[in-house]
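Lettering of chains follows the sequences in order, A, B, ..., and the numbering in each one begins at 1. Here the structure is a predicted model, which means the values were calculated and not measured.
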There are 2 protein chains.
Amino acid sequence: MSTGKVRLIMIDDHELFRDGLSLFLQMQTDLEIVATAATPMELRHLLSAHQVDVVMMDISLPQQSGIDLSKQLLKEYPKLKIIFLSGNEGQAYIEQSLKAGGKGFVPKSAPKTEVLEAIRHVAGGQFYFPSELAQSIFQQYISQLHLQTDASTVTERELEVLRCFANGMSFKEIEDHLHISKKTIEHHKKAIFDKLGFSSNADLVKYAIKNNIIEL
Amino acid sequence: MSTGKVRLIMIDDHELFRDGLSLFLQMQTDLEIVATAATPMELRHLLSAHQVDVVMMDISLPQQSGIDLSKQLLKEYPKLKIIFLSGNEGQAYIEQSLKAGGKGFVPKSAPKTEVLEAIRHVAGGQFYFPSELAQSIFQQYISQLHLQTDASTVTERELEVLRCFANGMSFKEIEDHLHISKKTIEHHKKAIFDKLGFSSNADLVKYAIKNNIIEL
DNA sequence: CGATTTTTGCGGGATTCCCCCCATACTAAA
DNA sequence: TTTAGTATGGGGGGAATCCCGCAAAAATCG
């Protein structure tokens, strides 16, 4: 990238946002906005047709979360540099984006100069994360990475149970829905509470909303 | 508005979004973007200094929700036309925006031409709501408006109890927090469930989040 | 103003639901 | 083979829910 422009693709389901930002980015002489995408599928098509350096990705996407999508994409395109954009700048999001292999994170509340900074850092092979949060995140993250990656691995089945509870279902309703006994549900629920550190059902609901497991 | 341009102000806490959209709107010859604001306070200052026709407002704002803000502003400036922009296009949001006196609603996932349409409609004295939703909303809304406003009269005390439950507190914790007996809390909780039609605690949490009673 | 309704507050008792610790068992992956 | 995930079960205790009724203050109504 020392020669030529940084080739980038943006994916965001909000056309307003997408066009607005790409308009701004196009003014930069060192960038080339190859294309923009609204859906994961569009993005896949674009990636298979173009050579791309950087993808700017909204975390909340239709169909699939940006986190999941980036994990998949990085298997196919290991050299791809992904910068996440998110309206929600909670630490949990940033951690998730790191785990997913993201190279940068920019809250949507940031000034647009920060987007440029992020792109240039990341295109140059560096990481870019919000300075205010970088310190505490790296400290906390690095020290607890082992524990957390173990702990926060919610299994598929647990996720189903979690979704049921977040939708307000009772044990009996879940029994019928998933065809497992109340005891098994108890077991999964306990595991979920332990892994994710919930102390009330309300925590569970909030988590499910934050992580797009259920609709608000 | 038949003579001269439509004078509008935009308020959104995301600079990226704000600048992107205003860049696009400035290209329109019939519009004049007076200014943009990031916070309710900025907006108030701008409104007291300029003559404005339309305000485009993000529903999720720092400090205060756009719904609350618009209610207050309309007391001071009854002629103001407010268009809400929201990333969340749930029906509950649109209903709230109607109740708050909004004249238009545009999801952030809409194409940018829809923003223009909305502005022109609203500036011309009409309402603008997403066509796909307009029908069902107006039907449902108009027919149930009386019932809903009656039913949803949650008293102050009930709201406190609601907030506690939504924050994941148990009966005992609420006893200590509000200094009332478990039986009274039960009573309030039952009233809340009846009035708002909840069928699970998860419903309660979601309601509290939607209505900015608690933080997500 | 007095009367009624609403809001807020408290209680008993029965029932159901949920939580917790225990143990078991099969399967698949590391 | 050990670990992790999924699945199930017993039994106890505590928490929540639901059914009643009662009462004082506040707001609203006639």
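The ring of Phe198(A) has its center closer than 6.0 angstrom to the ring center of Phe193(A).
Distances shown here put a side-chain N or O of Asn201(B) below 4.0 Å from the OP1 or OP2 atom of dT17(D).
Distance CD1 (Ile185(B)) to C1' (dG9(C)): 11 Å, rounded to an integer number of Å. Protein atom CG of Leu159(A) is 15 Å distant from nucleotide atom C1' of dT6(D), rounded to whole Å. Rounded to an integer number of Å, the gap from NZ of Lys190(A) to P of dT6(D) is 16 Å. Atom CD of Glu156(B) is separated from atom P of dG9(C) by 12 Å (rounded to the nearest Å). For the pair Phe165(A) CZ and dC17(C) C1', the computed distance is 11 Å after rounding to whole Å. Computed from coordinates, the His188(A) NE2 to dA4(D) C1' distance equals 12 Å when rounded to whole Å. In this structure, CD1 of Ile192(A) is placed 13 Å from P of dC20(C), rounded to the nearest angstrom.
Checked against dC19(C), dT8(C), dC18(D), the side chain of Lys189(A) finds its nearest nucleotide in dC19(C). Closest to the side chain of Lys195(A), from the set dT6(D), dG5(D), dG9(C), is dG5(D). Distances from the side chain of Glu158(B) to the nucleotides dT17(D), dT8(C), dC20(C) place dT8(C) closest.
Remark: the Glu186(A) side chain and the dC20(C) base include a donor-acceptor N/O pair separated by less than 3.5 Å.
Residues satisfying the ring pair (Phe, Tyr, Trp, His ring centres under 6.0 Å) test with Tyr77(A), not counting sequence neighbours, are none. With sequence neighbours excluded, the residues forming a ring pair (Phe, Tyr, Trp, His ring centres under 6.0 Å) with His121(A) are Tyr128(A), listed by chain and number. The ring pair (Phe, Tyr, Trp, His ring centres under 6.0 Å) search around Phe165(A) returns Phe171(A), not counting sequence neighbours.
Side chain of Asp12(B) to main chain of His14(B): a donor-acceptor pair is present (N/O by atom type, distance under 3.5 Å, no hydrogens or angles). Side-chain atoms of His50(A) come within 3.5 Å of backbone N or O of Leu46(A) as a donor-acceptor pair. Using modelled atom types, one side-chain atom of Glu173(B) and one backbone atom of Ser170(B) make a donor-acceptor pair closer than 3.5 Å.
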Contact letters for nucleotides 23-30 of chain C, in which S counts primed atoms plus P, OP1 and OP2 and B counts the base, heavy atoms under 4.0 Å: --------

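In this structure the side chain of Ile209(B) reaches within 4.5 angstrom of the side chain of Ile209(A), judged on heavy atoms.
Sequence neighbours left out, the pairs with a member in residues 32-47 of chain A that pass salt bridge (charged side-chain N to carboxylate O under 4.0 Å, His left out) are Arg7(A)-Glu32(A), Arg44(A)-Glu76(A).
If you check residues 169-184 of chain B against DNA chain D, the residues with a heavy atom closer than 4.0 Å are Ser170(B), Phe171(B), Lys172(B), Lys182(B), Lys183(B), listed by number.
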